[in-house]
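A short worksheet on the structure shown next.
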Amino acid sequence: MGEKIATRGAFGKAIVELAEQYPELVVLDADLSGATMTKEFSKTYPDRFFNMGIAEANMVGVAAGLATCGKKPFAATFAMFAAGRAFEQVRNSVAYPHLNVKVVGSHGGLSVGEDGATHQCCEDFATMRSIPGMLVCCPCDGNEMKLAVKALLDYDGPAYLRLGRLAVETVTDAIEGYSFELGKGSVLREGSDVTIVAAGMMVQMALKAADILAEEGVSARVIDMHTIKPLDEELVLKAARETGAIVTSEEHNIIGGLGEAVAGYLSGVCPVPVVRHGVNDEFGRSGKAPLVLEHYGLTPEGIAAKARAALALKK
């Protein structure tokens with residue numbers, strides 16, 4: 001495990017570091033630059049930063065207009081507002097004409113903590129996945145986030161990028177053979193008995209869950225599925241055939257996110273037990289982030305328990 005940095009912090013650093021290489025990059029924010037970490041970009045490139053105020057729908061519309069002029073806009077706000085309040089504009093103004101806008105949703109999931117249920121967005125994967133042509137990406141650590149921002153700058157089309165609030169351990173830079181490509185998951189640990197497919201901060205927890213399972217004699221493969229749409233079907237199918245059981249883990253409702261994407265795909269091509277781990281169709285609650293995550297079972301122990309359940313279903 002490497003340095004601890006929030007993926008929102010890595011995002012803020014990445015857009016500044018890449019701005020000179022990509023002069024078309026512009027950043028829009030809905031009066032939350034201190035939280036989304038676009039504040040350094042606003043200071044370094046004030047002519048390429050637009051604070052749109054608390055008007056998320058308008059921000060997305062402006063981003064769409066900038067894209068038609070050849071710019072590469074990243075429009076940032078909280079995930080609840082990006083995927084919720086501005087959904088219609090994302091759908092109709094960005095995705096329908098397939099414009100090159102990157103919608104950035106910060107503070108996704110329960111780990112927003114004290115902000116409570118109204119801001120703990122556990123539905124953004126579902127809403128963004130439902131939009132035709134929308135790429136959905138949720139990097140797990142600082143290293144992966146920086147690689148994702150670079151890849152998204154090179155990607156021509158609409159995309160949703162989720163950022164996390166909490167500082168998380170950097171793991172991908174220490175994995176031998178690790179590489180980042182949009183639409184392609186990464187195997188972070190090999191295993192033969194069960195596969196854990198995780199996204200975002202649940203990747204680090206999945207690696208810890210694999211350690212717990214190893215002590216019990218269970219060999220768990222861990223896949224970092226940073227791109228939730230399009231799903232890396234080839235990698236998922238390979239894991240299903242080789243291990244015979246799948247657990248999905250996400251800081252999101254088990255309805256509509258990574259779990260449903262994996263289960264929906266495998267049901268038609270390779271039916272194996274798929275056990276979903278995440279938020280069980282509930283709203284969040286206010287509290288210290290680690291305690292909230294523990295309350296909802298979003299822990300390594302929670303993933304390990306789901307893995308045991310998946311193993312029990314194997315024929």
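None of these values were measured; they are calculated from a predicted model. Computed from heavy atoms alone, side chains included, the values below leave out hydrogens, waters and symmetry copies.
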So, [X] side chain and [Y] main chain: donor-acceptor pair closer than 3.5 Å or not?
{"X": "Asp141", "Y": "Thr172", "answer": "yes"}
{"X": "His252", "Y": "Phe125", "answer": "yes"}
{"X": "Lys229", "Y": "Arg129", "answer": "yes"}
{"X": "Arg85", "Y": "Ala57", "answer": "no"}
{"X": "Asn253", "Y": "Asp281", "answer": "yes"}
{"X": "Thr7", "Y": "Gly164", "answer": "yes"}
{"X": "Asp29", "Y": "Asn51", "answer": "no"}
{"X": "His226", "Y": "Cys138", "answer": "no"}
{"X": "Lys39", "Y": "Gly12", "answer": "no"}
{"X": "Lys102", "Y": "Gly157", "answer": "yes"}

Please check if atom [atom1] in [X] has more than 12 non-hydrogen atoms from other residues, nucleotides or ligands closer than 6.0 Å.
{"X": "Glu20", "atom1": "CD", "value": "no"}
{"X": "Ile54", "atom1": "CD1", "value": "no"}
{"X": "Tyr96", "atom1": "OH", "value": "no"}
{"X": "Arg48", "atom1": "CZ", "value": "yes"}
{"X": "Arg308", "atom1": "CZ", "value": "yes"}
{"X": "Glu294", "atom1": "CD", "value": "no"}

What distance do [X] atom [atom1] and [Y] atom [atom2] have between them, rounded to the nearest 0.5 Å?
{"X": "Ser286", "Y": "Gln120", "atom1": "OG", "atom2": "CD", "value": "7.0 Å"}
{"X": "Arg189", "Y": "Ile196", "atom1": "CZ", "atom2": "CD1", "value": "9.0 Å"}
{"X": "Leu266", "Y": "Thr248", "atom1": "CG", "atom2": "OG1", "value": "10.0 Å"}
{"X": "Asn143", "Y": "Glu3", "atom1": "CG", "atom2": "CD", "value": "9.0 Å"}
{"X": "Ile15", "Y": "Phe49", "atom1": "CD1", "atom2": "CZ", "value": "8.5 Å"}
{"X": "Thr38", "Y": "Phe74", "atom1": "OG1", "atom2": "CZ", "value": "12.5 Å"}

Could you see if [X] belongs to whatever hydrophobic cluster contains [Y]? Use Ile, Leu, Val, Met, Phe, Trp, Tyr and a side-chain cutoff under 4.5 Å.
{"X": "Phe11", "Y": "Leu153", "result": "yes"}
{"X": "Leu99", "Y": "Tyr155", "result": "no"}
{"X": "Leu28", "Y": "Leu32", "result": "no"}
{"X": "Leu188", "Y": "Met145", "result": "yes"}
{"X": "Leu182", "Y": "Val149", "result": "yes"}

Do [X] and [Y] come close enough that some side-chain heavy atom pair is under 4.5 Å?
{"X": "Arg165", "Y": "Asp115", "result": "yes"}
{"X": "Gln204", "Y": "Cys140", "result": "yes"}
{"X": "Val90", "Y": "Tyr160", "result": "no"}
{"X": "Phe78", "Y": "Val112", "result": "no"}
{"X": "Asp211", "Y": "Glu215", "result": "no"}
{"X": "Glu234", "Y": "Lys184", "result": "yes"}
{"X": "Ser186", "Y": "Leu235", "result": "no"}
{"X": "Ser111", "Y": "Val292", "result": "no"}

For [X] and [Y], which heavy atoms make the closest approach, and how far apart are they?
{"X": "Val272", "Y": "Gly244", "result": "CB-O, 3.6 Å"}
{"X": "Thr243", "Y": "Gly191", "result": "CG2-O, 3.6 Å"}
{"X": "Thr195", "Y": "Ala239", "result": "OG1-CB, 3.5 Å"}
{"X": "Ala310", "Y": "Ile246", "result": "CB-O, 4.1 Å"}
{"X": "Glu251", "Y": "Gly108", "result": "OE2-O, 3.7 Å"}
{"X": "Ala199", "Y": "Met225", "result": "CB-O, 3.6 Å"}

N-O pairing of [X] and [Y] below 4.0 Å:
{"X": "Lys4", "Y": "Glu169", "answer": "no"}
{"X": "Glu250", "Y": "Arg276", "answer": "no"}
{"X": "Lys238", "Y": "Asp232", "answer": "no"}

Discussion item. Walk me through whether Glu56 and Val60 qualify under side-chain contact (heavy atoms from CB on, under 4.5 Å).
Written reply: CA-CA 6 Å; Glu56 294 83 3; Val60 172; 5.7 Å; no

Item to complete: Using the side-chain contact (heavy atoms from CB on, under 4.5 Å) rule, take Ile255 and Glu260 through it: C-alpha gap first, then chi angles, then the decisive distance, then the call.
Response: CA-CA 6 Å; Ile255 296 173; Glu260 281 206 352; 3.8 Å; yes

Fill in: side-chain contact (heavy atoms from CB on, under 4.5 Å) between Leu237 and Val269, worked out
CA-CA 8 Å; Leu237 180 58; Val269 296; 4.0 Å; yes

Discussion item. The test is side-chain contact (heavy atoms from CB on, under 4.5 Å); show your working for Glu123 and Met80 and say whether it passes.
Written reply: CA-CA 8 Å; Glu123 304 84 18; Met80 190 66 253; 4.2 Å; yes

Worksheet item: Do you see a donor-acceptor pair shorter than 3.5 Å between the side chains of Ser42 and Ser33?
Response: no

Discussion item. Please confirm whether the ring centroid of Tyr296 lies under 6.0 Å from the ring centroid of His277.
Written reply: no

